[in-house]
Amino acid sequence: MSNLEKSESVTSVFTEYRCSLRKMISRYLSRKSDVEDVLQETFARTYAADKKKSVQFPKLYLFKTAKHLVFNENTKVTNMLTEYLEDTAQIEHPGSTISPLDSLSHAEEKALLQRAIENLPTQCKRVTALRLNNDFAVKDIADELNLSLSTVEKHLAKGIERCDSYMREYVSECQSIKSEEKMPIKRKGSF
């Protein structure tokens, strides 16, 4: 088979199964731009592989390539979420060397986290609780709640961000109340 015939066979198989590939990819990725990116990358990689060495089963190769690319895309999202968590854990409040959350005992922090989780929307609450309370992996949460990985990752990112904000606001309010209590009371006629 010549290179022209091989490239036409990969191209024709891709054209024939493009809609099926798009449906399969969109089950795991929610953003349309990500779906299109993975679809195009699937074709590019299959075409390049076929140029190097003839791909005997282009349909199978296309679907397996798409599956691996979807996995890689979801891994990137998970890594971004992990980096976000690490970044927010390192942020210090301006003007202080100790983070307000560091002033809480472990029990206080755990109780505050539970209150923060309770304030989340239902689905977000379920996902966040499984991750933070039970140390479930993202894939295990998806299986347990019958959700896609991308949905779990989105709920988890939103839940963690909201819990972090809730806890920081709570601690900040407590600190401002304590600092107000320490301020001397002004008496009439005194400066």
Side-chain angles (χ1 to χ4, degrees), residues 1-89 116-166:
M1 199 184 276
S2 72
N3 278 343
L4 181 60
E5 290 171 336
K6 281 195 288 185
S7 65
E8 286 177 349
S9 68
V10 168
T11 305
S12 63
V13 170
F14 177 77
T15 304
E16 183 179 346
Y17 292 100
R18 183 183 185 115
C19 290
S20 299
L21 276 167
R22 183 180 284 117
K23 284 180 186 176
M24 190 267 305
I25 294 167
S26 65
R27 280 189 225 140
Y28 302 103
L29 301 175
S30 59
R31 288 189 1 216
K32 189 174 182 179
S33 61
D34 291 344
V35 172
E36 289 302 317
D37 289 346
V38 169
L39 188 63
Q40 292 305 315
E41 185 68 21
T42 298
F43 174 73
R45 288 191 182 194
T46 304
Y47 184 81
D50 191 53
K51 280 214 163 265
K52 287 181 184 175
K53 184 179 175 188
S54 180
V55 174
Q56 274 189 308
F57 304 102
K59 176 183 171 187
L60 177 64
Y61 198 90
L62 279 166
F63 278 89
K64 283 197 174 240
T65 302
K67 177 184 170 193
H68 289 292
L69 289 170
V70 164
F71 175 78
N72 290 344
E73 189 67 28
N74 283 329
T75 302
K76 277 194 276 185
V77 171
T78 303
N79 288 342
M80 287 176 5
L81 175 62
T82 303
E83 288 170 10
Y84 167 77
L85 292 173
E86 289 170 356
D87 289 347
T88 57
I117 290 172
E118 288 302 315
N119 286 320
L120 296 173
T122 307
Q123 191 75 300
C124 188
K125 180 192 317 183
R126 293 170 64 202
V127 169
T128 306
L130 285 173
R131 178 69 177 146
L132 297 180
N133 294 338
N134 302 56
D135 286 334
F136 273 44
V138 174
K139 185 177 182 334
D140 295 335
I141 295 170
D143 292 342
E144 178 77 19
L145 300 177
N146 199 21
L147 299 170
S148 70
L149 284 174
S150 62
T151 300
V152 169
E153 289 166 345
K154 287 176 187 174
H155 282 304
L156 190 55
K158 186 189 325 177
I160 290 172
E161 185 177 0
R162 286 184 178 180
C163 286
D164 181 62
S165 294
Y166 179 90

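What you see is a predicted model, and the numbers here were worked out from it, not measured in a lab. By convention here, the first residue in the shown sequence is residue 1.
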Atom pair CZ (Arg131) and NE2 (His155), whose distance is rounded to the nearest 0.5 Å: 16.0 Å
Heavy-atom side-chain contact between Arg162 and Thr128 under 4.5 Å: no
Just wondering, do Glu16 and Pro58 contact through their side chains at under 4.5 Å, heavy atoms? no
Using every non-hydrogen atom in the two residues, find where Cys163 and Ile117 come nearest and quote the distance to one decimal. SG-CG1, 3.7 Å
Please report the interatomic distance CG(Leu69) to CG(Leu39), rounded to the nearest 0.5 Å. 10.0 Å
Point-to-point distance, once rounded to the nearest 0.5 Å, from CZ of Arg18 to OG1 of Thr42: 10.5 Å
What pairs meet the side chain to side chain donor-acceptor pair (under 3.5 Å) rule with one or both residues in residues 58-71, with sequence neighbours excluded? none
Identify, with sequence neighbours excluded, every residue that meets side chain to side chain donor-acceptor pair (under 3.5 Å) alongside Glu36. Arg22
Under the side chain to side chain donor-acceptor pair (under 3.5 Å) test, which residues partner Thr151, sequence neighbours left out? Ser148
How long is the span from the CG atom in Leu120 to the CD1 atom in Ile160, to the nearest 0.5 Å? 10.0 Å
What pairs of donor and acceptor atoms, side-chain ones from residues 136-145 against any protein atom, are under 3.5 angstrom apart with sequence neighbours left out?
{"residue": "Lys139", "atom": "NZ", "partner": "Asp143", "partner atom": "OD2", "Å": "3.4"}

With side chains defined as the heavy atoms from C-beta onward, is the minimum distance between Val127 and Leu147 less than 4.5 Å? yes
CG/Asn119 to NZ/Lys125 distance, rounded to the nearest 0.5 angstrom? 8.0 Å
Which pair of heavy atoms, one from Tyr166 and one from Ala116, lies closest together, and at what distance? CD2-CB, 3.3 Å
Listed partners of Phe14 passing ring-ring contact (aromatic ring centres under 6.0 Å, His included), at least two apart: Phe43
Partner set under side chain to side chain contact (heavy atoms under 4.5 Å, CB included) for Ser26, not counting sequence neighbours: Val35
Measure the spacing between CE of Met24 and SG of Cys19 and express it to the nearest 0.5 Å. 13.0 Å
